[in-house]
Protein chains: 2
Amino acid sequence: MSTYKIVSDATISPPERSTYRHGDLRRALLEAGIQLARAGGPDAVVLREATRRAGVVPNAAYRHFASRWELLQAVRSAALSALARRMEAELARVPRGASPADAARASLRAIGTAYLRFAQEETGLFHTAFAIPDETRGEPIPAKAGNSGRNPFQLLGDALDRLVDAGVLPPERRPGAEYLAWSAVRGLAMLLTEGPLRRLTSAERDAIGQRLLDMVEKGL
Amino acid sequence: MSTYKIVSDATISPPERSTYRHGDLRRALLEAGIQLARAGGPDAVVLREATRRAGVVPNAAYRHFASRWELLQAVRSAALSALARRMEAELARVPRGASPADAARASLRAIGTAYLRFAQEETGLFHTAFAIPDETRGEPIPAKAGNSGRNPFQLLGDALDRLVDAGVLPPERRPGAEYLAWSAVRGLAMLLTEGPLRRLTSAERDAIGQRLLDMVEKGL
DNA sequence: ACGGCTTTGTGTACGCCGTACACAATGCTA
DNA sequence: TAGCATTGTGTACGGCGTACACAAAGCCGT
């Protein structure tokens with residue numbers, strides 16, 4: 001709600017504009033919204049400020065978003081895509097030579113690690129992605145260059161499926177397992193970003209993150 | 001941020017007042033703030049609305065709270081007390097005849113169960129208690145009638161200590177264990193109250209809650 | 001080429017919010 | 001009882017989301 005790590009304070013070019021039409025206002029507003037979310041979380045996504053940054057009068061926003069809420073949803077969706085990209089990048093680092101069981105375990109850890117890192121490196125986006133009542137969990141992310149079109153939640157499900165295929169997770173434990181794993185990292189992310197673990201050193205953060213993933217792996 | 005279970009919509013008596021002095025404005029504002037938080041979470045704790053309910057002009061609040069933020073902190077503190085009371089009530093139900101190990105395990109579950117129940121039955125207060133950067137985690141709650149003065153986090157610590165004493169949890173795993181356990185229930189509470197598990201039946205909620213506590217117990 | 005329709009940005013306005021500052025009513029203490 | 005400290009009031013400011021009427025620009029069929 002208040003203190004976020006400053007991610008990028010580069011003052012955006014005051015976007016003078018000679019044409020009456022903006023050209024790509026929707027995108028500009030969304031981008032401004034993302035910046036605001038990065039710097040201050042969902043509450044910082046303020047319609048009037050976004051329009052200011054786009055160099056446009058407040059009401060112009062309503063030609064592209066029916067309300068502040070819809071802008072926020074668009075930002076949220078972008079944040080989820082960003083997280084999905086990070087997860088896929090982390091998944092790509094899983095060693096190929098390992099046994100199926102080890103590879104599956106490593107995949108799950110990759111998902112968890114990416115999630116926790118994202119929460120700490122992009123706190124504002126993270127909270128924007130998740131501190132909003134979720135109406136669209138199941139939907140895939142519109143696939144774009146460089147990602148599979150699967151959202152973070154689906155990626156977690158994939159990892160759990162692999163765990164079952166590899167014989168690590170008994171099939172009867174599979175249903176609902178994503179919610180257990182998700183709960184754990186979600187909660188730790190809160191503690192790390194706005195809870196009592198806020199002031200831990202980066203090493204301590206990593207350590208508790210790994211320990212949490214141990215707990216999940218063992219207890220799932 | 002938007003939809004909370006309506007807890008009590010009883011229209012408060014429009015508080016006419018003949019005296020210039022209110023008498024107990026601070027308490028009235030706090031109570032109004034608690035009602036607002038119950039019904040709508042932290043964002044619904046609106047200074048002007050609280051003063052309206054107290055039958056007083058907006059600025060009067062500033063004689064008792066330096067800002068909206070301070071009122072919110074007071075509400076948050078009340079919410080934490082309420083949760084602590086629930087935890088202690090649940091702890092009191094742990095059977096006395098059991099072995100130390102079983103009693104310790106049951107205590108931990110009692111803490112977790114109370115937490116999850118509170119999140120679902122008092123969603124607004126729950127979010128007010130925890131969706132706010134926490135400046136005061138370590139501090140005990142001012143002891144009042146009927147509670148021990150220990151806050152929810154300390155109660156969790158106590159339960160873990162008992163687990164160590166009973167030989168269930170190896171002592172070397174004790175440090176930091178509260179954060180693992182807390183993460184898990186915290187995360188599940190989010191999923192249950194504003195995440196994809198929002199629409200589960202009450203039985204399903206209980207089931208996943210128990211499963212999560214199993215995971216914690218096994219993986220700690 | 002041009003008239004009209006659609007799209008997109010502007011101007012003005014309303015009612016909320018938090019809060020600052022000067023002022024008035026009250027209660028408390030010397 | 002006089003004066004002071006406390007507590008509530010009145011007025012005001014700037015910021016917010018957003019509704020509504022209007023204006024500029026693009027687009028399309030003739």
Side-chain angles (χ1 to χ4, degrees), chain A residues 1-3 14-37 39-76 124 128 131-133, chain B residues 1-3 14-37 39-76 124 128 131-133:
Chain A
M1 236 129 177
S2 63
T3 34
E16 312 136 26
R17 173 175 48 108
S18 49
T19 55
Y20 181 81
R21 299 292 232 262
H22 177 286
D24 201 357
L25 183 52
R26 188 190 158 90
R27 171 172 237 84
L29 290 172
L30 178 54
E31 222 111 280
I34 292 173
Q35 296 293 359
L36 292 170
D43 290 356
V45 179
V46 170
L47 249 186
R48 289 179 102 109
E49 177 61 22
T51 59
R52 244 171 266 136
R53 296 193 180 193
V56 108
V57 99
N59 289 353
Y62 288 91
R63 297 297 171 191
H64 303 276
F65 298 96
S67 65
R68 178 191 116 96
W69 180 254
E70 294 221 340
L71 172 58
L72 199 52
Q73 291 293 341
V75 173
R76 176 175 159 283
T128 307
I132 282 182
Chain B
M1 236 131 175
S2 61
T3 34
E16 314 135 26
R17 173 174 49 108
S18 50
T19 55
Y20 181 83
R21 298 294 231 262
H22 177 286
D24 201 356
L25 182 53
R26 188 190 158 91
R27 172 171 236 86
L29 289 172
L30 178 55
E31 222 111 282
I34 292 173
Q35 297 293 358
L36 292 170
D43 290 355
V45 178
V46 169
L47 251 185
R48 289 179 103 110
E49 177 60 22
T51 58
R52 243 171 268 136
R53 296 193 180 194
V56 110
V57 99
N59 289 352
Y62 288 90
R63 299 296 171 191
H64 304 277
F65 299 96
S67 64
R68 178 192 115 97
W69 180 252
E70 294 222 338
L71 172 57
L72 200 51
Q73 291 293 342
V75 173
R76 176 176 160 280
T128 307
I132 282 181

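Just so we're clear, the structure is a prediction, and the values are computed from it rather than from any experiment. Here is how names work: the chains are called A, B, and so on, in the same order as the sequence lines, proteins then strands, and each is numbered from 1. No hydrogens, no waters, no symmetry mates; every other heavy atom, side chains included, goes into these values.
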Between [N] atom [atom2] and [X] atom [atom1], what is the distance in whole Å?
X     : N      : atom1 : atom2 : result
A:R27 : C:dG9  : CZ    : P     : 15 Å
A:R48 : C:dC14 : CZ    : C1'   : 11 Å
A:R17 : C:dT10 : CZ    : C1'   : 10 Å
B:L47 : D:dT9  : CG    : P     : 14 Å
A:L36 : D:dG15 : CG    : C1'   : 15 Å
B:D43 : C:dC16 : CG    : C1'   : 15 Å
A:Y62 : C:dG11 : OH    : P     : 17 Å
B:L71 : C:dG18 : CG    : P     : 9 Å

Listed by chain and number, what are the side-chain contact (heavy atoms from CB on, under 4.5 Å) partners of [X], not counting sequence neighbours?
X     : answer
A:R63 : none
B:R27 : B:D24, B:E31
B:Y62 : B:L47, B:N59

On DNA chain D, nearest-nucleotide positions of A:P58 versus A:S18: which is more 5'? A:P58
Looking at B:R26 and D:dT7, is any side-chain donor or acceptor paired with a base atom of the opposite kind under 3.5 Å? no
Can you figure out which of D:dG17, C:dT10, C:dT19 approaches the side chain of A:A60 most closely? C:dT10
State which of D:dT7, D:dG17, C:dG18 makes the closest approach to the side chain of B:R68. C:dG18
Could you work out how much the helix from C:dA1-D:dT30 to C:dA30-D:dT1 bends, comparing the axis of its first five pairs with that of its last five, to 10°? 10°
Considering all heavy atoms, the nearest [X]-[Y] contact:
X      : Y     : result
B:T128 : B:G41 : OG1-C, 3.6 Å
A:A54  : A:L29 : CB-CD2, 4.1 Å
A:G55  : A:R17 : O-NH2, 2.9 Å
B:G33  : B:V75 : C-CG2, 3.7 Å
B:V45  : B:A37 : CG2-CB, 3.7 Å

When we call it a touch if two heavy atoms are under 4.0 Å apart, what does B:V57 touch: a base, just sugar-phosphate, or nothing? base
Please list each protein N or O that sits under 3.5 Å from an N or O in nucleotides 21-23 of chain D, with the distance.
from: D:dA23; atom 1: N3; to: A:Y20; atom 2: OH; distance (Å): 3.2

Would you find a donor on one side and an acceptor on the other, under 3.5 Å apart, between the side chain of B:R68 and the backbone of B:L71? no
Holding to side chain to side chain donor-acceptor pair (under 3.5 Å), I want the full list of residues that pass it with A:E49, two or more places apart in sequence or in another chain. A:R52, A:R53
Under 4.0 Å between a side-chain N or O of B:H64 and OP1 or OP2 of D:dG8? yes
The residue, B:R21 or B:S67, whose nearest nucleotide of DNA chain C is more 5′ is B:S67
